[in-house]
Student: 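This is the structure, below, for whatever I ask next.
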Amino acid sequence: MTQKKYIGVLTSGGDAPGMNAAIRAVVRTGIYHGNTLFGIKRGYEGLIEGDIHQLNRYSVSNIIKDGGTCLQTARSSEFLTREGREKGFKNLKRFGIDSLIVIGGDGSFRGLHELIQEFPMQGIGIPGTIDNDLYGTDYTVGFDTAVNTALDAIDKIRDTASSHSRLFIIEVMGRTSGHIALYTGIGGGAEDILIPEVPMDMQKLIAQLDAQYKSGKKSSIIVLAEGESAGALEIKAAIEKAITWDIKVSVLGHIQRGGDPTAFDRILASRLGYEAVLAVMNNENDKMAGMVNKTVTFTPLEEAWSKKKDIDMTYLTMNEVLAAQQQKPLEVVS
Ligand code: ADP
């Protein structure tokens, strides 16, 4: 039996394109089924301050196409304390809110889990992070857009790299996981991809680059995840000692968080927002809504951040094959 609820929704931690589509789906699904919906501004910071507003279906008009989050997001050190979470809980009660939907990453889910362990509150998470580092969903909301943004930048860098015969080391986001680096590296035809999940072999990297250089290659691109233990400048210095290639470093940074969400992210966010509300109405608790093999799944929040999502190593092997040099470049037959 489903129950009518007072549902709060917030976005927390790092912003990700597609968060707006998720908010819209939560609000519209919730209202359609007779629930009362509240938007909480600036994540747990706004929750502690009581920045809570009742929403109607028109509050979320025309946001599906926008990057960022209309509820804004924040990081809150006060929410790390029990006192901070108690303030948040009291504000939820002040508005009669009995369930909270949090769109965010692993930190945000830890916060939600703590809150519902300590106080009588129901909580469901929606994976919203460009890093794609949550267990229990094949893709997180924002990942696809971030990959496409990084890919666009790599394509442009490739143009200048080949014009000047340069080696570019391009750092993409991903503090603890290499999903963005792997996907952008493959999509951008990178010669090498360095991710934190695989220990770096500097000798092997230099040997590969040396072979590329000697084969007369005009340009080469290394895509590096920011979480890789050796930083871009350190890697550059090590390569420079061995090869006389002109090497440039480019850190893509926050452009990867911005931009209009791709169709994939809008559709994923809409589905997970819709499912999260149905889960709340069915009294599911302490779980994250995700999509695994095209099936909606609910994973305990604790597993979503503690279990490691595997990287498919075949993609790295494949990339080595695709980037491997022939001993002698083929003669072009004209
Ligand atoms: P993300 O959700 O993108 O991983 P953060 O790691 O910054 O982003 O987490 C967002 C917020 O979640 C933090 O600012 C903090 O308020 C809350 N949070 C993170 N970890 C915990 C924790 N262990 N206990 C309580 N709250 C937490």
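We count ligands from 1, going down the list as the structure has it; atoms in each ligand are counted the same way.
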Student: I need the atoms of ligand 1 closer than 4.0 Å to a non-hydrogen atom of F79, numbered in the order shown.
Tutor: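 Numbered from 1, ligand 1 contributes 16 (O), 25 (C), 26 (N).
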Student: Could you check whether any heavy atom of T129 sits closer than 4.0 Å to an atom of ligand 1, since that is the contact criterion I want to use?
Tutor: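 No.
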Student: Do G14 and ligand 1 have an N or O pair less than 3.5 Å apart?
Tutor: yes
Student: Do R175 and E226 come within less than 4.5 Å of each other through their side chains, counting heavy atoms only?
Tutor: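 Yes, close enough: below the 4.5 Å cut-off.
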Student: Quick check: does G105 get an N/O under 3.5 Å from an N/O on ligand 1?
Tutor: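 Between G105 and ligand 1 (N or O atoms, distance only) the closest approach is under 3.5 Å.
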Student: Sequence neighbours excluded and cut-off under 3.5 Å, please list the side-chain donor-acceptor pairs for residues 268-281, or say none.
Tutor:
{"from": "S270", "atom 1": "OG", "to": "R266", "atom 2": "O", "distance (Å)": "2.7"}
{"from": "R271", "atom 1": "NE", "to": "E275", "atom 2": "OE2", "distance (Å)": "2.9"}
{"from": "R271", "atom 1": "NH2", "to": "E275", "atom 2": "OE2", "distance (Å)": "3.0"}

Student: Side chains of D286 and Q117: donor-acceptor distance under 3.5 Å anywhere?
Tutor: yes
Student: Pick whichever of G107, P127, G128 has a heavy atom sitting closest to atom 6 (O) of ligand 1.
Tutor: G107
Student: For atom 24 (N) of ligand 1, what's the nearest protein heavy-atom neighbour? Residue, atom name and distance, please.
Tutor: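 The closest heavy atom on the protein side is E114 CG, 3.6 Å.
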Student: Among all protein heavy atoms in this structure, tell me which lies nearest to atom 21 (C) of ligand 1, with the distance rounded to 0.1 Å.
Tutor: L80 CD2, 3.4 Å
Student: Could you tell me whether R175 and ligand 1 have an N or O pair separated by under 3.5 Å?
Tutor: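 No, there is no polar N/O contact under 3.5 Å.
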Student: Less than 4.0 angstrom from a charged side-chain N to a carboxylate O is my criterion; do R42 and E45 meet it?
Tutor: no
Student: With a 3.5 Å cut-off and sequence neighbours excluded, list the donor-acceptor pairs that the side chains of residues 179-190 form with protein atoms.
Tutor:
{"from": "Y183", "atom 1": "OH", "to": "Y139", "atom 2": "OH", "distance (Å)": "3.3"}
{"from": "T184", "atom 1": "OG1", "to": "I180", "atom 2": "O", "distance (Å)": "2.7"}
{"from": "T184", "atom 1": "OG1", "to": "A181", "atom 2": "O", "distance (Å)": "3.3"}

Student: Looking only at protein heavy atoms, which one is nearest to atom 25 (C) of ligand 1, and how far off is it?
Tutor: G111 CA, 3.5 Å
Student: Hey, are D260 and K65 close enough for a salt bridge, meaning a charged N less than 4.0 Å from a carboxylate O?
Tutor: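 Salt bridge flag = no for K65 with D260.
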Student: Salt-bridged, E78 to K87, with N to O below 4.0 Å?
Tutor: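 So E78 pairs with K87 through a salt bridge.
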Student: Got a donor-acceptor contact below 3.5 angstrom from the K217 side chain to the L209 backbone?
Tutor: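 Judged by distance alone, no pair lies under 3.5 Å.
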Student: Which protein non-hydrogen atom lies closest to atom 4 (O) of ligand 1, naming both residue and atom, and how far is it?
Tutor: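 Scanning the protein heavy atoms, the shortest distance from atom 4 (O) of ligand 1 goes to D106 OD1, 2.8 Å.
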Student: Please state whether R85 comes within less than 4.0 angstrom of ligand 1, counting heavy atoms only.
Tutor: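 Contact present.
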Student: Which of the atoms of ligand 1 are close to S12, meaning less than 4.0 Å from one of its heavy atoms?
Tutor: 10 (C), 11 (C)
Student: Name the closest protein heavy atom to atom 8 (O) of ligand 1, giving the residue it belongs to and the distance to 0.1 Å.
Tutor: G13 CA, 3.3 Å
Student: Return the option from H113, R110, E45, R75 holding the heavy atom at the smallest distance from atom 5 (P) of ligand 1.
Tutor: R75
Student: Just by distance, no angles: are the side chains of T314 and D312 close enough, under 3.5 Å, to form a donor-acceptor pair?
Tutor: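 Per modelled atom types, T314 and D312 side chains form a pair under 3.5 Å.
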Student: If you measure from each non-hydrogen atom of Y44 to ligand 1, which part falls under 4.0 Å: side chain, backbone, both or neither?
Tutor: side chain
Student: Using heavy-atom distances, let me know which of S108, A16, S76 sits nearest atom 13 (C) of ligand 1.
Tutor: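 Checking each option, the heavy atom nearest atom 13 (C) of ligand 1 is found in S76.
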Student: Establish, from distance only, whether the side-chain atoms of H164 and D246 form a donor-acceptor pair under 3.5 Å.
Tutor: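 Note: H164 and D246 side chains miss the donor-acceptor criterion.
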